[in-house]
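So the structure is just underneath, and the comments pick up after that.
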Amino acid sequence: MLDKRFILENAGVVQRNCDIRGVKVDVARFVDLETQRRKLQTEIEELARQANAVSKSIGQAKDAAEREARKDEGRQLREKKDRLQEDVERLGAEATLIHNAMPNLTHPESPIGGEDASAELRRGGPAVKPFSFPVQDHVALAEQHNLIDFEGGARVAGHGFYFLKNEAAQLELALQHYTLDLLIREGFTPVITPDLARGDVLKGVGFIPRGPETQIYSVENHDLNLVATAEITLGGLYAGQVIEAEKLPIKLCGISHCFRTEAGAAGRASRGLYRVHQFTKVEMFAFTLPEQSDDMHNYFRELECEIFEGLGIPYRVLDIATGDLGGPAYRKFDLEAWMPGRGNAGEYGEVTSTSNCTDYQSRRLDIRYKVKGEKGTLLVHTLNGTAVAISRALIAILENYQQADGSILIPEVLRKWMGKDRIGGNSL
RNA sequence: GGUUGGGUGGCCGAGUGGUUUAAGGCACCGGUCUUGAAAACCGGCGUACCGCAAGGUACCGGGGGUUCGAAUCCCUCCCCAACCGCCA
């Protein structure tokens, strides 16, 4: 959420920001409601002050008659206050609805426009080269080498679930290991988080746990939800905390399973592993000082590049356009990996995403920092970024490393955990 | 799942209706002393909101109630810990 005072003082800026992000919000209405609410709140506080003064004087009243008179006076003041309080709550409720709909402010360099306006910053990894043989997609490759059992997944849990088998199971662990090792070298604290979290934590991070629009699985009879990303648990880990400024930035990498209902996603390009209800993800998360978050965001993006560079997979980096940013993101970069089996002749597909949420999440989660010797506390900035989402990384690996004989090479950096260099065919 | 005990500022912790204006301690900041530091002593020191300021209001797990007045009494929900049971 945005700072209310900032909105009041910069209504024009906020309205324009909502406009370029394609979010319909009546900022003027919010300002109107909030201004009225504050005026009434001041009156309430004055009544409370008077009532408190009356209460205090009762202890020193000299006789019963005076005491009764004062009691009556106090009662009337509080009743008046309660009536105003109802108005304040009514105004506040409407203002909150608008407030919650307001997205974060936007980085000045983010391209303005819809999804198509996202800017390609650069390409990396090996160049995309045409194959000299008919390309198979990951579903066919997995079938051929008995790597993924979609039918079994459907039988056990329904469409969108799967069993990873044989080298695919090994690859999941190898990818985790590879990524974790890299991030630990970079000073991240590795964390394995809960896969479930309370509703309040989801809301604080910006997810909607229940209701018709939700993408979240929830547990019946409990205030627990299956997490859609470790961003939820890592953000929640510090909710309500005050961090000493010198401990910032804090860099965490969390491993969790991720569960998504993908409601409304039917029909979108989602064959095989691309859009599934469960996958494993290594997630980067950082808490920083405000002046550190831009650099940290670029650093997250470069780490994502480094990870795919190491895997030897062609990728491109996008600076996401304003109309395609989620509510909490101030700026977002996506990495798209080349997936040769996707579409007619190969397409880029999103494999990672990193967002700088500035103080939008921390305001709601109440995560602050304190500078030694200075009074008061300030909000930290939060950032998240995918290190590796296993299911999508698997698509990219299987499809890019397929060979003419149908075998699949294993990326060099993963071989030490695989005990082999190739799936199917003859070893090198 | 059962039983018991808990939830008070950054941390520990006192506090069963009105000098609590939340004691005291730790930590932290400033000062005295010192070549410097430590110790000792003196002073300061919760958070948010409104206000130019003086000052005010709210906050003792959440919500509701009783009362002129609630951290304190009542109702309700949540959470945590310990032990028991079950269990990888």
Side-chain angles (χ1 to χ4, degrees), chain A residues 1-10 30-93 95-96 99 192 194-204 209-210 218-225 232-233 236-248 250 257 287 289 359-380:
Chain A
M1 57 213 298
L2 294 177
D3 180 33
K4 283 189 191 176
R5 192 197 303 209
F6 179 86
I7 301 167
L8 292 181
E9 291 169 0
N10 302 277
F30 174 84
V31 170
D32 194 38
L33 290 165
E34 183 63 11
T35 307
Q36 284 184 57
R37 193 190 67 80
R38 288 188 179 215
K39 189 161 157 285
L40 280 183
Q41 186 63 40
T42 307
E43 288 178 38
I44 286 174
E45 290 181 5
E46 172 58 21
L47 287 171
R49 190 190 63 74
Q50 291 174 18
N52 286 343
V54 168
S55 293
K56 250 178 220 170
S57 74
I58 288 175
Q60 294 129 30
K62 54 184 182 296
D63 58 50
E66 186 185 337
R67 206 177 343 262
E68 284 312 310
R70 293 276 173 82
K71 278 189 187 182
D72 196 48
E73 190 184 346
R75 218 179 340 250
Q76 285 179 28
L77 284 167
R78 303 243 179 220
E79 278 169 13
K80 199 169 165 191
K81 183 184 82 123
D82 288 346
R83 280 196 297 276
L84 286 182
Q85 190 65 49
E86 284 173 26
D87 291 340
V88 161
E89 272 156 30
R90 193 169 37 74
L91 292 167
T96 299
H99 191 202
I192 293 177
D195 285 341
L196 286 87
R198 293 194 170 107
D200 282 347
V201 175
L202 285 265
K203 285 183 217 151
R210 299 189 191 227
S218 52
V219 179
E220 199 176 3
N221 299 326
H222 295 268
D223 180 27
L224 283 173
N225 310 272
I232 292 168
T233 43
L237 183 59
Y238 280 82
Q241 304 284 305
V242 178
I243 303 165
E244 291 169 39
E246 62 218 58
K247 293 198 175 139
L248 297 172
I250 293 171
H257 294 113
F287 304 93
L289 297 172
D359 61 4
Y360 192 88
Q361 276 181 337
S362 57
R363 184 169 291 109
R364 190 155 36 195
L365 285 167
D366 190 27
I367 306 176
R368 295 162 180 279
Y369 69 93
K370 179 160 178 32
V371 179
K372 213 174 225 175
E374 286 182 19
K375 204 170 152 52
T377 56
L378 295 162
L379 293 165
V380 302

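The phosphate of A48(B) has neither OP1 nor OP2 within less than 4.0 Å of any side-chain N or O from R5(A). The phosphate of U21(B) (OP1 or OP2) has no side-chain N or O of N52(A) nearer than 4.0 angstrom. For T377(A) and G46(B), the shortest distance from a side-chain N or O to OP1 or OP2 is not below 4.0 Å.
Whole-Å rounding puts the L40(A) CG to U57(B) P distance at 18 Å. Put simply, CD on E45(A) is 8 Å from P on A58(B), counting in whole angstrom units. Atom CZ of R49(A) and atom P of U21(B) are 16 Å apart (whole Å). If you take CZ of R70(A) and C1' of G69(B), they are 14 Å apart, rounded to a whole angstrom. The separation between Q50(A) atom CD and G55(B) atom P is 19 Å, rounded to whole Å. As a whole-Å value, the separation of Y369(A) OH from U47(B) C1' is 16 Å. Rounded to whole angstrom, the span from the CD atom of E246(A) across to the P atom of G10(B) amounts to 17 Å. Separating the CD atom of E43(A) from the C1' atom of U57(B) is a distance of 14 Å, rounded to the nearest angstrom.
Only one option out of E73(A), R78(A), K71(A), Q50(A) pairs with S55(A) in a side chain to side chain contact (heavy atoms under 4.5 Å, CB included); it is R78(A).
Look at A27(B): it lacks any Watson-Crick or wobble partner with both distances under 3.5 angstrom. Shown here, G1(B) forms a base pair with C84(B); the pair counts as Watson-Crick or G-U wobble because both key distances fall under 3.5 Å. If you check U47(B) for Watson-Crick or wobble pairing at under 3.5 angstrom, you find it paired to A58(B). Remark: A22(B) base-pairs with no nucleotide; criterion is Watson-Crick or G-U wobble with both hydrogen-bond distances under 3.5 Å. The nucleotide U66(B) finds no pairing partner, because no Watson-Crick or G-U wobble arrangement with both distances shorter than 3.5 Å includes it.
Along RNA chain B, the nucleotide nearest K71(A) and the nucleotide nearest V242(A) are compared for position; the residue whose nucleotide lies closer to the 5' end is V242(A). Sequence order on RNA chain B of the closest nucleotides to G74(A) and L378(A) puts L378(A) first from the 5' end.
Of all non-hydrogen atoms in V31(A) and I7(A), the two that sit nearest each other are CG2-O, 4.3 Å.
The line from NE2 of H99(A) to CE of M1(A) is 4.5 Å long, rounded to the nearest 0.5 Å. In this structure, the separation between CD1 on I243(A) and CG on L289(A) is 9.5 Å, given to the nearest 0.5 Å. Between T96(A) atom OG1 and F30(A) atom CZ the span is 7.5 Å, to the nearest 0.5 Å.
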Point to revise | Residue pair L365(A), Y238(A): steps toward the side chain to side chain contact (heavy atoms under 4.5 Å, CB included) verdict | key: CA-CA 8 Å; L365(A) 285 167; Y238(A) 280 82; over 6 Å; no
Exercise for review: Could you please spell out the steps behind the side chain to side chain contact (heavy atoms under 4.5 Å, CB included) verdict for T233(A) and V201(A)?
Suggested key: CA-CA 7 Å; T233(A) 43; V201(A) 175; 5.9 Å; no
Review point. Between L2(A) and Y360(A), does a side chain to side chain contact (heavy atoms under 4.5 Å, CB included) hold up when you go through it step by step?
Key: CA-CA 6 Å; L2(A) 294 177; Y360(A) 192 88; 4.3 Å; yes
Practice item. Could you give me the CA-CA distance, side-chain angles and deciding distance for D72(A) and Q76(A), then say whether side chain to side chain contact (heavy atoms under 4.5 Å, CB included) is met? Key: CA-CA 6 Å; D72(A) 196 48; Q76(A) 285 179 28; 3.2 Å; yes
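With salt bridges taken as basic N to acidic carboxylate O contacts below 4.0 Å, one links R38(A) and E34(A).
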Tabulate atom names and distances for all N/O pairs under 3.5 angstrom spanning the protein and nucleotides 71-73 of chain B.
none

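When the C1' atom is used for both G17(B) and U72(B), the distance is 7 Å, rounded to whole Å. Distance noted for atom C1' between U20(B) and U76(B): 28 Å (whole Å). Going from the P atom of C42(B) to that of A58(B) covers 34 Å, rounded to whole Å. Atom C1' of G9(B) sits at a distance of 13 Å from the matching atom of A27(B), rounded to the whole Å.
At a threshold of 4.0 angstrom between heavy atoms, the contacts of D72(A) with the nucleic acid are absent.
Within residues 76-89 of chain A, the residues having any heavy atom under 4.0 Å from RNA chain B are, by residue number, R78(A).
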